[in-house]
Structure formats: C-alpha cells, structure tokens
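Contents: one structure, followed by commentary.
Remember, predicted model here, so these are calculated numbers, not experimental data. Below, chains carry the letters A, B, ... as their sequence lines are ordered, and counting in each starts from 1.
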Number of protein chains: 2
Amino acid sequence: MHKTLIALAALLAASPALPQASAAIAAGKTKPSALAPNEIVAQAPQTDWTAIAASDLLVMDLAPDAKGKARRVVIQLMPAPFSQGWVGNIRKLAAARFWDGTAVNRVQDNYVVQWGDPDAEDKAKAKALPAGLATVPESGYETEVIREMVVDPNGFGDEGPPVPSIELLQKPDTYATTAFSRGWPVGIGSDKIGSESIWPVHCYGMVGVGRDMPPNTGTGAELYVVIGHAPRHLDRNIALVGRVVEGIEHLSSLPRGHGALGVYDLAQGDERTGIQSIRLGDEVKNLPSYEYLSTESQSFTKYADARANRRDDFFIRPAGGADICNIPVPVRRVK
Amino acid sequence: MHKTLIALAALLAASPALPQASAAIAAGKTKPSALAPNEIVAQAPQTDWTAIAASDLLVMDLAPDAKGKARRVVIQLMPAPFSQGWVGNIRKLAAARFWDGTAVNRVQDNYVVQWGDPDAEDKAKAKALPAGLATVPESGYETEVIREMVVDPNGFGDEGPPVPSIELLQKPDTYATTAFSRGWPVGIGSDKIGSESIWPVHCYGMVGVGRDMPPNTGTGAELYVVIGHAPRHLDRNIALVGRVVEGIEHLSSLPRGHGALGVYDLAQGDERTGIQSIRLGDEVKNLPSYEYLSTESQSFTKYADARANRRDDFFIRPAGGADICNIPVPVRRVK
C-alpha cells in the first residue's frame, strides 16, 4: 500500500509537463507513429482489448424515431472502486424496471441530456422508488488512493475498495493532474483532508447522477449524459457512474428544450422522448459483446500520443498535447 | 510596438499558473462573487456590452423543420487581425449568393456540422465559385503580435494588421497559453520562426473553413461549426472565421451522418438539410441587433472567475480553474 503512494507521488513529481506516452516514446520504449489515431486503434492486436461484461452494461431503448426506427443507447457502468454506491442503486432501479415508461426530460445544448421520472418533483404523481436504495455521502465523489485511509462509503467491507491503478499519466490540465485508470479518465489530487485521491472526470459521453442541492447526492433514478464541451467544473460535485459506448447520437441529436436549463416545456411545444425500457445487459437477448482498448496496452499509449501529436498527412502542426477528454477510450463491438 | 512585446512577455512570465481574473481578485481590485456566472452576466451594466455590427454577421436560413418551423443560424465573423483573408472570401461568397440552394452535408457526433456545395468534389456538377477569391497561405492561421514582424498574408497594406490586445490571460492549458483578445478566445505562443503569435481556438460553436490536404487552406466555400468537445488539435491547422451567436441548436441537433466522418450517405437513408440562403447581416431585413460582453470589462473578469470558481449554492467544491472553452463569451440580443 505504502509503495503505491510512493509510486504515485513519484509519477506526479517526475513528469509534470510531459505526457507519459511521450515520455515512453522519448525513452525509446515506444516508437512514435505517423498513423492517425483511428488507424492505430484498427491495428491494435486483439490482446490489447478488454472485454466488458454484459452485467456491466445498461441498455436503454427509447421510443422509435419519427420513421419508426429503433433507438438503443448502451452505457458501460463504472467499475469498482468508483461511484459504487450509486452504481449499486442503478442496478436495483433497472432490476425493478423503474425507468420503463419514463422519459428524456431535459436537453440543454452544449451540456447534458437528462432522463428519469418527469413527475419526480410532484409527490402526488411521482413514481415510487424501489426499496433499499443507498444514500451515498459526498465523500463518494472521490476515492482515496490508499486503502488504509479510505472512509468506506460504499460498503466494500473489511477489505476496502481495490486500490486504483494509474496507468497513463497525462499533462496536468487547467483542472487537475489527469490519467487513465482501469480504462477510465480520472483526475488525481488531494482531497479535503490532504490524502491522495482519484475521481472520474466529466468528458463527452460520461453519464452522471442528477441531484438536488447539497448535501443531496442523488439516488441514480435521474441520470444525464454529457453532450457538449467537457463540463469539468462538475467533477467531484456530482457522481459519475458510466459512459455511453454506443448510440449516443440518439440522445445528442434530440431537440433542445425551451424551458430553463433546457428542460422540455410542453406548453412551448416541446415533446418528451419516451423510454421503453432500461435493463442491465445480462437481461437483454442478443446483445452484442463490447470491448475497450486497454489503457494499460502499448496500443493505447501510441493512440494517446497520436491524439496529442497528429502526424498524419492532414496536419501541419501537431498540438504537443491533448486534454484527457480529447483522448476518448476506444470501445467497439467484439468482432 | 516594442512596448507591446514587453507587456506580453511580462504577462506570460508573471502569472503562468494564475488566471488574470483571480490575480485581479487577489490584488483586491475585483471582489469575488458568490453569484452564478449567468447572474453576473445578467447584472452587467450596459456599458460593459459591445455592439456587433450587422455587417459582421452571417445569417443562415435552413429549410424549415418537419413541423414547418423556420431555422435561422446567426454567425459573428472574426474581426481583424484574425483570418481576414478567409473572412474576405466569405463576404464575397455571401454577396454572390453562393450558398443558396446548397446543403448541410456532414454531421459527425462530438465533432462538427459542415455545409457547402454537396457536389464540390464533382467537377462536372460543382457550383462555380465567384471570381476574386483569395488563396490564403498557411501563415494566416496565426497572427504575429508585433506588427513589424508580420509577413502580411491578409493584404492590410503598409500599416499591417492592428496589433491584437491581450485582455484576460488564463491559466495555460494542455495546448497553449490562452487569453481573451477583443472578445475572442485565443492561444498565444511562438510561431515557427520564434515570434510571439496569437491565434483563435476551436471551442464549441466556433466556425471554421473546410480544406483539402495541405498546403490547401480552403476558400471559405465549405464551412463547419464545432458541436462537441473542443477539438483543439485543429488550432493553427485550419482557419477559424467566426462563431455561432444564435441558433446553434438547429445544427447541433441534426441527425448524424452514416458515411465516413459523418458525411451524409443518401444510399443509407441520410437526408441533407437544405440551405435556403446565407446573407451578410446588413442585407437581412428586421434582423435583431446583437452585443457581446466585452472581454475588457470588469463584469467579464468576474464572470470568468466565477466560471473557474463556482461559489453558487449547487457547488460543494470550486474547480479552481476553467479551460478557455469553458468560458464562452456571452452574446445576446440588444434589448
């Protein structure tokens, strides 16, 4: 455990201005590529891909579009140790069919699409939540890097949550030191009591938990997805629970709402998009299998470097860096 | 002139890690605000707003939507000294009614919406461009800060282009030192010959010029708008010519294309959205007037600080920073 802390501190001290990918390349460990990022991904060996369990997918079927075409959105839930209190609630809500017959209620341009019970604010009409949902404290927005120091909000028991690995450190950005950990984009820093902590960040396509004013943290019944420039000011202020891995266009291209904050206002002619069902992936027949490019793989290191330093023919001047949200983790259907 | 260089260098050296807004607040010049950013904007005095000339607007009328509703997009063209070669071409193209009857041809999720002549690649069917369009060299992607050192790509004549002002320096981000200059988000750095240079950056809503492989820089006949996370790797690789100030939702909510790079593929059932007309604002009857919050004003300084440090009730942990694209310059209709 102590070693993990030292390793992290060393990483942070060693390369404050150099992305790890470029450091690896500078050290001659990885050869830079003139390929475009998508070409690097296409050429990655199968061993560099990590399967996503069907039980970690959330499958949302919207009402068909105006032409009668099906609209399915597939979300990957975050793994331990991130946000597990809320993820546990979401599993219960899906098992209870809570979202069936609910709707997309808010679409704010360059911000979020949000869904859940449209009558949630009206006690007389609100849909009952399933029993047994956890109330997760604000401390759950961050995870301590050192297991011994964890105030355990998520019920991992005596073992505490697994210690997250820091696989690929990036240049610090305006908000924090950032990295990839177990396939996810994260921020790294000190929490309020001075421990090293790690937290998922609000990139395009990330899924979060709507909430009321603090100290409310939301149950997970109200979810949103980022459809604009990364709203990183929300990091550590709202729980992130997953990311869309397929079908985000069915949400991002929905008409924007005319009410305050993009909430659909039926009086102004807005129409909600109905949700037929939301299920965990292992309950869905004939669901394809998905896999992501391991953020521990050499292919990902090359890909991240190519996102930061475009050497393919279209570019005349490589940027020399890329913010973490401009390096989306590749996800695909298993062939 | 020499003084301007010193001032810029001093700015860059003095506050590499502190946004100018916070520096002003730390120095007691500006009081921090617990208001939300939009509240600060709403309370800004009229003197902090700068009018946008109708002649600097580009008004795009799309074909009406499925319900017959009009769809108008209003774009503000970039002022001198930025990208003026392309902006000059765009004025000629609009005056020649070049875009009337063309279409939106590409919508790529989390990236761009692009429009122009759908037959541009087919010499037999391509629409003729108006005479007199400039061929702008790649050096036009950046502007030298010091007039004497400018290789004058944009035909400003003996005077050279006006020297841009650096009004509000931000924390350096992953890509560059950034600032606001004359109402626009810009990067600042050294060009290939070592001079200080300044360039507009690819934030959500920014409008750029589609081009072929370098050294082609595009004419301006093919335009795109950013509808996703800021693709900052395009900075200094493609010309930026403006930003959408109203109606971006008519573009960002269009169906995504099924062809490569989101190009509409009619064989796969995609349908292009027609463009009825694109006109310069001073040719459009009954166009509202628009104004932007001056990036030189104290209101903007407070607004930028509040974007970086949310102190309103919803937030439990201010971010302590904001990337330049997360501080959109407020634009509104004149009341």
task: Could you tell me whether the side chain of Asp235(B) and the main chain of Ala319(A) form a donor-acceptor pair under 3.5 Å?
output: no

Is any side-chain heavy atom of [Y] closer than 4.5 Å to one of [X]?
{"X": "Ile316(B)", "Y": "Asn237(A)", "value": "yes"}
{"X": "Asp323(A)", "Y": "Asp323(B)", "value": "no"}
{"X": "His229(B)", "Y": "Cys203(A)", "value": "no"}

Max heavy-atom pairs within cutoff under 4.5 Å with chain A, candidates Arg307(B), Arg310(B), Arg232(B), Lys67(B), goes to Lys67(B)

**Study point:** Closest-packed option against chain A by number of heavy-atom pairs under 4.5 Å, given Cys325(B), Pro328(B), Gly228(B)
**Key:**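 Option with the top pair count is Cys325(B).
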
message: So which atom in Leu254(B) and which in Ser253(A) form the shortest heavy-atom distance, rounded to 0.1 Å?
response: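 Shortest heavy-atom contact: O-CB, 3.7 Å.
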
Options Ala66(A), Pro255(A), Ala322(A), ranked by heavy-atom pairs under 4.5 Å with chain B, top entry: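 Most pairs with chain B among the choices: Ala322(A).
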
- Could you grab the distance from atom CE of Met213(B) to atom CG of Asp312(A), nearest 0.5 Å is fine?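 Reported to 0.5 Å precision, the distance equals 7.5 Å.
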
Value for OG1 (Thr174(A)) from CG (Asn326(B)), rounded to nearest 0.5 Å, stands at 9.0 Å

Asn38(A), part contacting chain B, at a heavy-atom distance under 4.5 Å: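 Neither part.
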
[X], part contacting chain A, at a heavy-atom distance under 4.5 Å:
{"X": "Asp212(B)", "result": "backbone"}
{"X": "Phe314(B)", "result": "both"}
{"X": "Ile238(B)", "result": "side chain"}

Original post:
If you count the non-hydrogen atoms of other residues, nucleotides and ligands that lie under 6.0 Å from CD in Gln268(A), is the total more than 12?
Top reply: yes

Next item on the list: May I ask you to decide if the ring planes of Phe315(A) and His233(B) are parallel, tilted or perpendicular, using 30° and 60° as cut-offs?
Entry: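 Answer is tilted, since the angle falls between 30° and 60°.
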
